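On a predicted model such as this, the values are computed, not experimentally measured, just so you know. Position 1 is the first residue of the sequence, and the numbers go up from there.
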Amino acid sequence: MNTLSKAYEVGTTFSHNIIPLDFESIDGVPESHLWSQSDESHQKIQTNNPRDSLIPVIDLSDPCAIDLIGQACKTWGMFQVINHGVPLELVKKVEFEARRLFSLTTHEKRKVLRSPTGATGYGLPRISPFFAKCMWHEGFTIMGSCVDDAKVLWPHDYQRFCDTMDDYQNQMKLLAHKLLLLSLQTLDVTQEEINWATSTHGSNGALQLNSYPSCPNPSRTLGLAPHTDSLLLTILNQYGITGLEIFVEGLGWSPVCPIEGAFVVNVGDLLHIFSNAKFPVVYHRAVVNQSKHRISVAYFYGPPIESTLAPLSNYQDPCFRSLLVKEYIRLKATHNDKALSLIRI
């Protein structure tokens with residue numbers, strides 16, 4: 001059976017350290033995690049009200065939701081969605097279980113450390129080898145069942161974690177399918193292409209639990225370096241603490257302020273390609289703060305890895321060449337943000 005994890009496992013193996021910092025044992029920011037203040041990644045957008053959010057908030061119960069989603073995808077490549085149908089109780093359970101995981105000792109968490117060629121488990125962000133400095137971050141990646149890792153972490157109390165993550169992945173898959181279908185209805189797309197993008201048979205998903213511990217010098221560190229996401233759609237819950245920022249051309253970095261009960265949804269590389277660049281991908285990053293331990297949970301949704309990815313057929317001038325989904329995943333794993341340019345026509 002072809003899975004998303006197998007696509008990542010056959011990518012390039014980097015020799016870089018994949019082990020997160022032992023946040024329990026330090027009281028300052030080590031040199032390995034100090035980012036230059038002159039780096040463009042630290043430029044901030046200047047607004048009269050720092051709480052202003054540029055990203056539209058869309059109510060899925062709004063009769064105009066399709067048009068609003070289409071406009072947001074074409075303008076920003078991102079929006080926030082409310083009245084999405086995901087039970088609030090489940091959302092809270094996921095946060096509780098994520099905090100339970102990251103509150104384990106460093107020794108315990110390292111028992112499920114992701115292997116250098118692996119795709120799941122505990123470790124640094126997969127984009128880490130592309131940057132000279134480390135990120136103030138620890139993560140846990142789930143693709144399908146997490147029972148093997150959970151049994152290691154909680155030998156006698158693993159089922160609750162597994163059930164919660166399984167339920168959440170199922171809810172995220174349904175929501176991603178719905179959002180993708182709505183967004184595609186605003187493009188010149190054939191029914192066959194809609195079926196390819198939204199078919200739940202053979203589709204792939206990944207759940208990423210992110211931990212950004214409080215930092216003694218947040219202005220000199222980054223929780224997650226600037227990047228784009230690889231698959232079709234990403235659905236993120238910030239759990240009420242600001243940290244996500246997007247890069248706005250001509251303005252700089254702008255915060256995406258959390259909204260109670262909302263998910264942040266953004267276009268990934270595959271949807272950018274599929275839409276023939278009608279939907280832009282947005283560079284985003286995560287910053288940290290001095291007083292709060294921030295948790296976020298991201299769900300990445302993608303098509304079958306053996307299927308062919310190509311720009312919509314109704315556009316006469318394709319921007320990208322066609323290739324297998326797994327081939328693009330390998331390109332991204334090897335070349336990071338240069339992957340799109342390598343397939344551009």
Side-chain angles (χ1 to χ4, degrees), residues 4-5 8 17-26 33 86-116 118-128 134-173 205-215 221-224 229 234-244 258 263-264 286-289 291-300:
L4 188 61
S5 60
Y8 280 105
N17 189 356
I18 62 166
I19 305 175
L21 192 65
D22 181 359
F23 294 102
E24 301 171 354
S25 64
I26 59 171
H33 288 67
V86 180
L88 177 60
E89 181 181 2
L90 177 58
V91 172
K92 290 181 177 179
K93 282 183 179 178
V94 171
E95 180 185 17
F96 178 85
E97 293 299 328
R99 290 192 178 276
R100 180 161 77 112
L101 186 155
F102 291 119
S103 67
L104 294 172
T105 66
T106 300
H107 173 73
E108 292 296 318
K109 287 180 286 192
R110 287 181 180 176
K111 290 180 179 180
V112 293
L113 189 67
R114 187 179 72 237
S115 72
T120 61
Y122 179 72
L124 287 174
R126 294 188 63 87
I127 59 174
S128 296
C134 296
M135 300 166 215
W136 199 263
H137 174 279
E138 54 180 344
F140 186 79
T141 308
I142 301 169
M143 296 182 184
S145 173
C146 58
V147 65
D148 290 342
D149 283 341
K151 282 184 175 179
V152 174
L153 296 172
W154 303 284
H156 308 293
D157 185 25
Y158 64 88
Q159 198 62 53
R160 184 179 68 187
F161 182 87
C162 294
D163 289 346
T164 299
M165 297 306 157
D166 287 349
D167 289 348
Y168 192 70
Q169 287 187 89
N170 289 334
Q171 288 286 333
M172 289 294 100
K173 189 173 185 177
L207 193 63
Q208 176 69 32
L209 312 182
N210 299 303
S211 165
Y212 306 97
S214 56
C215 178
T221 58
L222 273 180
L224 200 55
D229 295 335
T234 302
I235 304 174
L236 175 76
N237 195 324
Q238 297 199 75
Y239 284 104
I241 300 177
T242 301
L244 174 65
F263 291 121
V264 180
V287 297
V288 295
N289 65 64
S291 60
K292 295 179 180 179
H293 180 184
R294 180 174 178 263
I295 296 289
S296 73
V297 176
Y299 178 78
F300 306 100

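For the side chain to side chain contact (heavy atoms under 4.5 Å, CB included) test with R100, the passing option among D157, T164, L153 is D157; the others fail. The one candidate from V147, D166, V94, I142 that meets the side chain to side chain contact (heavy atoms under 4.5 Å, CB included) condition with F161 is I142.
The number of heavy atoms from other shown groups lying within 6.0 Å of CD (E89) does not exceed 12. The environment of NZ in K92 is sparse: at most 12 heavy-atom neighbours from other residues, nucleotides or ligands sit within 6.0 Å.
Taking the side chain as every heavy atom from C-beta outward, K111 and D149 never approach each other to under 4.5 Å. Looking at heavy atoms from C-beta onward, Y168 lies in side-chain contact with V297 at the 4.5 angstrom threshold. Between F102 and L209 there is a side-chain heavy-atom pair separated by less than 4.5 Å.
Separating the NZ atom in K173 from the CD atom in Q169 is a distance of 9.5 Å, to the nearest 0.5 Å.
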Q: Kindly determine whether Q208 and T141 satisfy side chain to side chain donor-acceptor pair (under 3.5 Å), including the steps that lead there.
A: CA-CA 5 Å; Q208 176 69 32; T141 308; 2.5 Å; yes

**Q.** Trace of the side chain to side chain donor-acceptor pair (under 3.5 Å) decision for D22 with S25
**A.** CA-CA 6 Å; D22 181 359; S25 64; 3.3 Å; yes

Q: Could you please spell out the steps behind the side chain to side chain donor-acceptor pair (under 3.5 Å) verdict for E138 and Y122?
A: CA-CA 7 Å; E138 54 180 344; Y122 179 72; 2.5 Å; yes

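Residues Y212 and W136 place their aromatic rings such that the two centres sit no closer than 6.0 Å.
Under 3.5 Å, the side chains of S211 and H137 contain no donor-acceptor pair of N or O atoms.
Q238 places a side-chain N or O within 3.5 Å of a backbone atom of L244 that can act as its donor or acceptor partner. Checking side-chain atoms of E97 against main-chain N and O of M165 turns up no donor-acceptor pair under 3.5 Å.
Taking 4.0 Å as the cut-off between side-chain N and carboxylate O, D163 and K93 do not count as a salt-bridged pair.
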